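This one's a predicted model, so the numbers in the text were calculated from it and none came from an experiment. The figures here come from the full heavy-atom set of this structure, side chains too, leaving out hydrogens, waters and symmetry mates. Proteins get letters first, then strands, A, B, ... in listed order; numbering begins at 1 in each.
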Amino acid sequence: MESAERPSDIVEAYEPGPVEAKWRASWAARGTNVTDIANAARPFYALMMFPYPSAEGLHVGNMFAFTGNDIFARFQRMQGLNVFEPLGYDAFGIHSENYALKVGVHPAEMIPRNIANFRRQLERGGLMVDWSRSLSTTDPEYYRWTQWVFLQLYKKGLVYKKAAAVNWCPTDKTVLANEQVIAGACERCGSMVEQRFLEQWFFAISQYAERLLKNLDTLDWSETTKTAQRNWIGKSEGAEIWFDGVKVFTTRPDTIYGATYVVLAPEHPLVGAHTTESQRAAVEEYRERAARRDLVTRKTAKDKTGVATGSTVTNPATGEQIPVWVSDYVLMEYGTGAIMAVPAHDERDLEFAHGFELPVKKVVHEDETLIDSGEFTGMTVNDAKKAIVASLAAKGKASAVTNFRLHDWCISRQRYWGPPIPIVYCDNCGVVPVPDKDLPVLLPMIDDFKPDDSGISPLARHDEWYRVPCPTCDGMARRETDVSDTFLDSAWYFLRYPSVGDDSQAFDPTITKKWLPVDSYIGGNEHAVLHLLYSRFVTMVLNDMGLIDFEEPFTKFRAHGLIIREGAKMSKSKGNVVNPDEYLDTWGADAFRTYLMFLGPFEEGGDFRDRGISGVKRFLDRLWASVRDSSTDAAPDAEVDRKLHATIRKVGDDIPRLSYNTAVAAMMEYMNVLRKGDRVPRRSEVEPLVQLVAPFAPHLAEELWEKLGHTTTIFDSDWPQFDAAMLEQDEIELVVQVNGKMRGRISVLSTVTEEEAVSRATGDPAIAKFVTAPPRKVVFVPGRLLNLVV
RNA sequence: GCUCGGGUGGUGAAACUGGUAUACACGCAGCGCUCAGAACGCUGUGGCCGAGAGGCCGUGCGGGUUCGAGUCCCGCCCCGAGCACCA
C-alpha cells in the first residue's frame with residue numbers, strides 16, 4: 001500500500017526493442033548521422049579500423065572497438081564539432097578467397113552477402129556512422145584508386161620488380177610479406193614458410209625508414225604501438241669494416257680485438273672466391289643444404305651448422321690472419337651478409353666456436369673499459385667504438401653506417417581476390433604502367449580462381465584477359481597477372497572516405513585539406529606494425545609528391561584492448577564466442593554498448609561475463625523510471641546538485657581519455673544519490689544525466705530526450721557544463737593521520753588553518769589517544785589531510 | 001634472450017600529479033514485497049581477533065626512500081603481448 005504512493009520504487013524494465021527500432025528509423029529518415037562534408041565549420045574525423053566482413057558476422061571485438069570510437073565521436077559532436085564517422089569494409093584478400101574456396105562460393109557472390117549482414121548488425125549497434133560515404137575495397141570505384149596509388153608510387157620511382165628470395169606459403173600458395181611471417185610460419189594458416197626465388201613487385205619503404213622512425217616522436221599514439229614500430233624498423237648504428245675483401249657489419253667495433261674468424265652467409269657472393277680447392281665440395285654441399293632448409297629450422301636451430309672455406313683474411317685491427325667460415329646463422333638480408341665473430345662477447349659466436357672447436361680469444365673489455373686492445377686499451381666502450389672506427393676509416397678500412405631491419409614491402413600476390421597490378425608488358429616497350437584513363441583494370445569474373453603450385457597467379461590461365469594491346473605502341477602485350485597485397489587497400493582508405501561519391505579522383509584536394517589528417521583513430525594493436533606503418537609510408541610519399549599537405553595520417557591513435565571470455569581470447573575452436581545478435585535481442589544495443597564499455601578499461605579490454613550486463617541494464621531501467629517519475633517544477637536539491645556537477649566534470653574528463661568504465665561508474669553513483677531511499681528525482685536533476693548517458697546509450701537517450709519535450713536530436717544539444725564553484729564545499733572532512741596511519745576524520749571549514757586543524761584533531765579523544773607525545777612534526781595538506789608525527 | 005604491458009576482495013575492476021586502498025558493478029547473505037517465485041527495493045559483504053567499543057594485518061615476493069608507498073627506487077617471481085641467430 002505504501003508502494004503505491006512511491007512510484008519510484010517500482011522500476012520496470014523498459015523494452016529496448018521498439019525504442020531502438022524507432023530511433024534507428026528516425027535517424028535514417030532525418031539524416032541525423034550524415035555529415036555535411038563540404039560546409040562543416042569545425043570538422044572532426046573520428047575513424048575506426050574497418051572490418052573484414054567475414055561470413056560469421058560481426059564479432060564482439062568489432063562491436064567493442066566501434067562502440068568505443070562511437071562514444072568519443074558522439075561526445076565530440078555534443079561539444080559542437082562537425083563529426084564524421086565513416087565505416088567501410090576491407091573485403092579483398094586471402095582470408096575471403098580461402099573461405100570462398102572452402103565453401104565453394106565465388107567471393108564476388110559471398111562478399112556482398114557478408115557486407116549486407118555486417119551492415120544490418122552494425123546498424124543495430126546504434127553507431128553514428130555516415131552510411132552515405134561507406135566503401136568496400138572490392139568495389140571497382142574504390143580499387144581503381146588503389147591502382148592509381150600504385151601508379152603514383154611507380155612514378156615516384158619507389159616501385160621495382162626483382163627476383164628475390166621470398167616467403168612462400170605452400171598451403172596458401174602465395175608470397176607473403178615479411179610482416180606476415182610469424183616465427184617462420186604463415187600467419188594465416190600456420191604452415192612453415194619456404195624460400196622461393198620469384199619475380200616480385202616491391203615498394204621501397206626502406207628508403208623512408210629514418211623518417212618513419214623519427215616522426216614517431218611527434219605522434220600522439222599509444223606508447224605500445226610506437227614501441228612496436230620502433231622495434232620493427234629496427235635501427236642499429238654500427239660500422240662496416242673491411243677484413244681484406246670481405247666487408248662485415250657490426251654494432252660492436254670496440255670488440256674487434258677479439259674477432260677470431262669471419263662468417264659469410266651461405267648466399268654471400270664471395271663464398272666461391274674464398275673457398276679453397278680442398279674445401280670446394282664441402283662448401284657446395286653446405287650451400288645446397290642451407291638453401292633447402294626452410295626458414296623455420298633456420299631461425300630456431302640451436303646447434304649451429306657451418307663449414308670452413310679454407311681461406312683466411314686479415315683482421316684490420318690486429319693484423320692477424322683469421323679463418324673465413326660459411327654459416328646460415330648469418331643472414332644475407334641483413335647488414336652485409338658477413339660478420340666478424342667475437343666469441344668472447346657474442347653468445348651466438350661462442351656457440352659456433354664451441355661447435356667447431358675454434359679458438360676463443362680473450363675478453364677485450366671488463367665492465368666498460370677495454371683491455372688488451374692495443375692503443376685503445378683503457379678506453380670506455382663508447383669512446384672506443386668511435387675511436388676504432390675513426391682509426392680504421394683513416395686507412396680506408398671502415399665507415400660508420402646505420403642499418404635498419406625494415407625491408408622493402410613485397411606487394412605482389414599470386415592470387416585472384418585482389419586488385420590487379422596495373423602494369424602491362426609489351427614486347428617492344430617493356431614494362432608499361434597502365435595510363436590513369438584506363439583505370440580500373442577490372443578483376444575478371446573467373447571460376448577457376450584456385451591457386452596452384454606454379455607460383456603464377458590464376459589470372460595467368462586466362463589469356464582472353466591478360467592479352468591486351470600495349471597502351472603505348474598498340475602492339476601485342478600482356479597484363480601483369482599478380483594482384484596487390486590487401487595491405488595496400490587499407491594503406492590509403494582513410495583518404496577516400498570524405499571523397500566517396502567523387503569518381504573523378506581518388507580524393508578531392510579541398511575536402512582532404514579540410515578533413516585530414518584523421519583527428520582520432522581507434523583500432524587493434526595487431527595492426528601496430530603492418531597497416532599503420534604502410535599507411536604512414538603511403539601518406540609520406542603522397543606528401544612528397546605534393547598531393548596532400550601532411551605527412552602523418554593519424555594525429556592521434558589509441559589501441560583498444562582485447563575482449564576475453566572464460567580466461568581466453570574468443571575463438572570458434574574454444575567455443576567461447578559471443579554472438580552479438582543474441583545480446584542485442586535480449587538486452588538491447590544500449591545495454592550491450594554500455595556493458596562493453598563498463599567491463600574494463602577500453603585500452604586494456606576485459607573479461608566478458610554473461611551476468612555482468614544485468615547491472616548495466618538495471619542502471620538504464622532506473623534512468624528510464626527516473627524520467628517517467630520526475631517532478632517537473634523544483635530546482636535541484638543542493639546536495640544532489642553538487643553531485644551532479646561533480647558527475648558532469650568526471651564524465652567530461654573521462655570520455656576524452658577513453659576511460660569509459662569509470663565514466664559509467666560515475667553515472668551509476670549519481671543515480672544512486674538521485675534515488676537514495678524513497679527519493680523522487682526532479683526533472684532538473686535527471687535531464688543533464690540523460691545527456692551524459694547519450695554517447696553510451698543513444699537510443700534510450702533520444703527517447704527520454706523526446707519525453708522531456710525536446711524535438712531535435714539530443715546529439716545536437718550542448719553538453720552540460722559544470723559550475724566549478726558548485727564543487728567547492730564549505731565543510732570538508734579532513735583526514736587525520738598519526739605517524740602516517742589513518743586515525744579519524746574531522747569535519748572542518750575548507751578554509752581551516754593548520755593551527756585550528758591541529759587543535760581540533762587533538763581535541764578529538766579518538767584521535768588524541770594515539771598522540772602519545774607532543775607532535776615533532778605536522779604535515780598539513782589543505783583540503784586533504786593532517787598528519788601528526790610523534 | 002630482448003622490448004612493452006600487467007599482478008589489488010569470491011569475480012570484473014577503482015584509486016588523475018605519493019595523501020581515507022577496494023569506488024562502481026557482479027556474486028553471495030539477510031530483510032522487505034509476495035500464496036510462492038521471478039522482478040523490484042533496502043541492508044551487509046578484504047582477512048584475523050573481539051560480546052562491543054575497537055584493534056591488528058592487508059595491493060605478487062624481498063629490501064629501500066618518505067611524515068606517509070598500490071603509486072617512486074633497487075633486486076626477484078609469475079602472467080600476457082610483440083620481436084627473435086638483425087651481428
Stepwise ring pair (Phe, Tyr, Trp, His ring centres under 6.0 Å) test for F602(A) and F72(A) | CA-CA 12 Å; F602(A) 184 66; F72(A) 187 52; over 10 Å; no
Pick the C1' atom in U8(B) and in G54(B), then give their distance to the nearest Å.
-> 26 Å
With sugar-phosphate meaning primed atoms plus P, OP1 and OP2, does [X] contact a base, only sugar-phosphate, or nothing at under 4.0 Å between heavy atoms?
X	answer
L599(A)	sugar-phosphate
R649(A)	nothing
F770(A)	sugar-phosphate
E669(A)	sugar-phosphate

K386(A) atom NZ, over 12 foreign heavy atoms within 6.0 Å | no
Listed nucleotide nearest any side-chain atom of Y334(A), set A87(B), G19(B), C83(B) |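 From the listed options, A87(B) comes nearest.
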Against the side chain of R784(A), the closest entry in U20(B), C85(B), A14(B) is U20(B)
Considering just the side-chain nitrogens and oxygens of K741(A), establish if one lies under 4.0 Å of OP1 or OP2 belonging to A69(B).
-> no
Sorted by first residue and then second, give each salt bridge (charged side-chain N to carboxylate O under 4.0 Å, His left out) pair with at least one member in residues 663-674 of chain A; sequence neighbours left out.
-> K643(A)-E669(A)
Applying a 3.5 Å limit to both distances, which nucleotide forms a Watson-Crick or G-U wobble pair with G1(B)?
-> C83(B)
